[in-house]
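Everything on this sheet refers to the single structure shown next.
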Amino acid sequence: MSHPTTNTVVPSICPFCGVGCGMGIQVCDGKVVGVEPQLNHPVSQGKLCTKGWSTPYAVDPIDRITTPLIREGDSFRPASWDEACNTIVEAINAAQQEQGPDAVGVIACARATNEDCYAAQKFARAALHTNNIDHCARICHSPSVAGLRQTLGSGAMTNSISDIALADLLVIFGCDPTSNHTIIGGQIIAAKLAGAKLLVVDPRSTRLAQMADLHLQLRLGTNIALINGLLNIIFDNGWEAREFLDSRCENEAALRRKVEDYPPERVAEITGVPVDKLIAAAKMYSQAQRAMLTYGMGITQYISGTNNVIAISNLALVAGQIGRPGTGINPLRGQNNVQGACDMGALPNVFPGYQDVTDSALRQHFERAWKCALPAQKGLTSLGMTQATLDDSFRCMIIMGEDPVVTDPDQNHVQRALQALDMLVVIELVMTETAKLADVVLPAAAFSEKSGTFTNCERRVKHITAAISPPGEARSDWMILGELATRLGYNGMQWQSAEAVFDEMASLNPLYASMSYAKLIEKSGLQWPCDAAHPDGTPLLHSERFSRGKGRLIAVDHSEIDELPDEAYPLFLTTTRLHFHYGCGSMTRKSPLLERETPVGVLFIHPHDADRLNIRAQDPVRISSRRGTVETRAMLSDELPPGTVAMPYHFKEAPSNQLTNNAQDPVTKMPELKACAVRVEKIEVQEAMPG
Ligand SMILES: Nc1nc2c(c(=O)[nH]1)N[C@H]1C(S)=C(S)[C@@H](COP(=O)(O)OP(=O)(O)OC[C@H]3O[C@@H](n4cnc5c(=O)[nH]c(N)nc54)[C@H](O)[C@@H]3O)O[C@H]1N2
Ligand SMILES: Nc1nc2c(c(=O)[nH]1)N[C@H]1C(S)=C(S)[C@@H](COP(=O)(O)OP(=O)(O)OC[C@H]3O[C@@H](n4cnc5c(=O)[nH]c(N)nc54)[C@H](O)[C@@H]3O)O[C@H]1N2
Ligand code: SF4
Ligand SMILES: [Mo]
């Protein structure tokens, strides 16, 4: 590969969140020396947030893994690719010979490219003969994929980010875009300043809630009751979109009957939102010309996650706020390429393009294309693999760029499982907490060191090119998996370029059918579906009909969260994000600027609760749940309702996932990351200060 050597700017995409802002990577003498915003990028229009600006630190060679590493006692020794790959293949073969193909599995990476994720699922299915393939969408928007597939036929953002400027009402439901999708957050503020109304539904008083026309500060986990209450009011007043319901939706009668059980007074009691605010919100949303609804983890990260998404869908369908510009149901996908990782089929139940693995005609289609027999049963989810390890039926896991020790619920449980594996392989940029437990660590190329494509939250597929070479012996994930496949005896992954991977994928994925690198570069990205009928892509889904035909209304009921506070654990804990850090922190925490902005771990607590517990600002505190204990510092915040404390999950020194609950949504196995019961105590000065 040849790379620019002096002062060149290589167009690329920010490697953090799903907004997918356009950046130029500044390169000097084969090193990334800075980034700059792309002025004419369709999403970010010349802007980056602080994380985007800090990208050079995130991919800096300092602390990067540069050779394969093999465990030797408590540490690692450098090894050749040959030795590392042989060690892995031997362990896989032994596990599969003794316990069958499903004793192994792969976790793909929503921060890596589509090409990497396509390779990960093909590796699992064709080389390992198992559907045990999953990734962090499981604990993120898997309920969106499952819920919206049932109601609309497709689980992605229905509209485009630029529609924010077209809406006259913006509904921000269980997400915090100024922190987490910052450039979208900025566009929401701009729309508000230009006259759009703002309705926020969140237990916390987020920045957008503070400037909203109406803030519904509901109790944690009461989304369905709230939405059924709004629907009750809408039907009661005849505010529903009559014509839209008659012509484009089905199953209205059952939904109407269900929401009769949710009169405003009852809903006020369950949710804590006063009746007058419920009525105002129902009117605002149903009577707006164009209401655009965005939602996030406050909807999905519950054991009722899939039903929560269905409730959101019911609301938009009944109000007819979908299928037109400036409206829609818009799950703000989190990771820079989580939309793509799902589209690629890095999920245990679907091939690329959401094609069911249990459908024999589809499976035969992939068997012919990949020239191998494929497994017919759905695979295990990521947390399913963890559990199967503890149940002795799973032995070998390949984790490509995820840090479950910090980011999965119930850290002690996760660590026990990873330690019980015969072989844990981690393909990473840096030594994460998870990589530290591995038997073999393989060095991955970062986004700035490889070519490929990313798909952002509005289904926009963009091409990126390598700006520099990978450090040391690091390689793109698809190359690593291709090498392992060959050594396992499967020859169908010997691609010569990322483009060859993309072309193969596009030939098998109907949503990407008419895409090619040349066209992606020429058009500056394309939104799927992009096929013969939509050669220039599709900015707006469901305009004439829903992907499944009629929009399906499904009656759902409020259910309690799994673990309510009691005498021993009297407070609710919710976990959220901080603007300045990202995921497990392995990339953002390399930036001195971002690191300076936030303390190493923090507990947010309402002043009333703090007062009762004799806790002052910055006091060291201990937080305990039924699963673990964390020590950190207190920060007083009246943005939380009394009785609820909050922690970010970015800090390995104060990992909130020591505390979180692994209880799961029955449909998607999404764990309840947004609510569990905890006890908080002040740590007296003579005890050790937290790190
Ligand atoms: N800075 C930064 N940005 C990120 C990330 C990061 O780590 N750092 N991660 C990226 C990823 S992977 C994702 S998925 C996105 C997530 O982005 P968001 O969806 O915005 O994520 P959270 O902050 O976890 O949760 C959103 C909100 O849900 C609220 N909430 C909790 N319970 C409920 C409830 O019952 N009902 C309602 N209505 N709201 C509730 C919380 O108070 C919080 O404000 O962010 C992406 N962007
Ligand atoms: N308590 C609590 N826990 C949560 C959440 C919450 O709200 N509360 N949110 C959940 C959500 S929504 C998500 S998405 C997960 C995220 O959980 P993770 O996916 O574990 O988090 P990331 O920090 O994004 O980890 C990605 C890793 O990939 C590596 N990486 C980056 N690029 C590449 C690449 O090209 N190749 C390879 N091989 N590696 C690469 C990075 O170094 C990083 O260590 O966390 C979840 N955990
Ligand atoms: S909003 Fe997201 S994509 Fe844009 S610069 Fe910030 S982290 Fe990167
Ligand atoms: Mo996420």
Side-chain angles (χ1 to χ4, degrees), residues 17-21 43-44 49 140-141 143-145 147-148 151-152 154-192 196-204 206-216 218 223 226-227 230 281 284-285 288 290-301 305 308-317 319 321-335 338-339 456-460 527 539-542 576-577 579 674:
C17 88
V19 180
C21 295
V43 174
S44 50
C49 81
C140 185
H141 270 291
S144 301
V145 177
L148 297 180
T151 62
L152 311 179
S154 165
M157 252 179 90
T158 61
N159 288 55
S160 297
I161 294 168
S162 58
D163 281 31
I164 291 168
L166 307 176
D168 54 19
L169 172 66
L170 292 153
V171 183
I172 314 302
F173 211 123
C175 55
D176 184 6
T178 58
S179 290
N180 305 333
H181 295 83
T182 308
I183 296 304
I184 289 182
Q187 292 176 8
I188 292 170
I189 292 174
K192 162 80 181 143
K197 292 259 184 290
L198 188 57
L199 165 60
V200 175
V201 187
D202 200 299
R204 294 187 310 134
T206 59
R207 237 170 273 151
L208 288 178
Q210 288 164 31
M211 61 174 75
D213 297 279
L214 186 56
H215 175 204
L216 308 184
L218 79 177
N223 296 296
L226 183 102
I227 293 172
L230 297 180
M284 216 176 181
Y285 184 65
R290 289 180 302 276
M292 183 170 181
L293 186 149
T294 62
Y295 74 86
M297 298 299 99
I299 283 291
T300 57
Q301 287 178 335
N308 290 351
V309 170
I310 289 171
I312 288 273
S313 176
N314 290 339
L315 181 64
L317 289 171
Q321 298 291 8
I322 184 165
R324 294 175 287 125
T327 67
I329 302 175
N330 297 288
L332 295 180
R333 303 304 298 263
Q335 305 266 46
V338 68
Q339 182 65 57
N456 81 345
C457 67
E458 55 166 11
R459 300 170 277 106
R460 182 183 298 276
Q527 286 170 279
L540 172 64
L541 293 182
H542 317 302
T576 56
R577 292 166 160 73
H579 169 73
K674 280 286 174 276

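A quick note: this is a predicted structure, and the numbers were derived from the prediction, not measured.
In this structure, D163 and G326 approach most closely via the heavy-atom pair OD2-N, 2.9 Å. L170 and A191 get closest at one heavy-atom pair: CD1-CB, 3.6 Å. Minimum interatomic distance between A196 and A167 (heavy atoms only, all atoms of both residues): CB-O, 3.7 Å. Scanning both residues, A288 and L169, for their nearest heavy atoms gives CB-CB, 3.9 Å. Between P539 and S160 the shortest heavy-atom distance is O-OG, 2.9 Å. Shown here for T294 and C175, the closest heavy-atom pair between the two residues is OG1-SG, 3.7 Å.
Using a 4.5 Å heavy-atom threshold, the side chains of L208 and L198 count as touching. Residues I227 and F173 meet the side-chain proximity criterion, which asks for heavy atoms closer than 4.5 Å. The shortest distance between side-chain heavy atoms of L540 and P325 falls below 4.5 Å. The closest side-chain heavy-atom distance from Q321 to L293 is not below 4.5 Å. Between L332 and Y295 the shortest side-chain heavy-atom distance does not fall below 4.5 Å. V19 has its side chain out of reach of N456: every pair of non-hydrogen atoms, C-beta onward, lies at least 4.5 Å apart. By the 4.5 Å heavy-atom criterion applied to side chains, D213 and K192 are counted as neighbours. No side-chain heavy atom of I299 sits less than 4.5 Å from a side-chain heavy atom of P143.
K674 NZ to N308 CG: the interatomic distance, rounded to the nearest 0.5 Å, is 12.5 Å. Here the CD1 atom belonging to I329 is positioned 5.5 Å from the CG atom belonging to L148, to the nearest 0.5 angstrom. Atoms CG and CD1, from N330 and I184 in turn, are 9.0 Å apart once rounded to the nearest 0.5 Å. With values rounded to the nearest 0.5 angstrom, L218 atom CG is found 5.5 Å from N223 atom CG. With rounding to the nearest 0.5 Å, the separation of CD1 in I188 from CD1 in I172 is 3.5 Å. Note: D202 CG to T576 OG1 = 9.5 Å, rounded to the nearest 0.5 Å.
Under the rule for a side-chain contact (heavy atoms from CB on, under 4.5 Å), the partners of Q187 that lie at least two apart in sequence or sit in another chain are I161, I164, I183. Under the side-chain contact (heavy atoms from CB on, under 4.5 Å) criterion, S179 pairs with D176, R207, H579, not counting sequence neighbours.
No donor-acceptor distance shorter than 3.5 angstrom exists from the side chain of S313 to the backbone of V309, with no hydrogens or angles considered. With R290 contributing its side chain and R324 its backbone, the two residues share no donor-acceptor pair below 3.5 Å. With T182 contributing its side chain and G185 its backbone, the two residues share no donor-acceptor pair below 3.5 Å. One N or O on the side chain of Q527 and one on the backbone of E458 form a donor-acceptor pair closer than 3.5 Å. A donor-acceptor pair under 3.5 Å is formed between the side chain of T300 and the backbone N or O of C140.
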Fill in: Worked verdict on L315 versus L230 for side-chain contact (heavy atoms from CB on, under 4.5 Å)
CA-CA 8 Å; L315 181 64; L230 297 180; 4.2 Å; yes

Item to complete: List the steps and the verdict of side-chain contact (heavy atoms from CB on, under 4.5 Å) for H215 and V200.
Response: CA-CA 5 Å; H215 175 204; V200 175; 4.1 Å; yes

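R333 pairs with exactly one of H181, H141, Q339 by the side-chain hydrogen bond (donor to acceptor under 3.5 Å, both in side chains) rule, that one being Q339.
Around NZ of K197, the count of heavy atoms belonging to other residues, nucleotides or ligands within 6.0 Å does not exceed 12.
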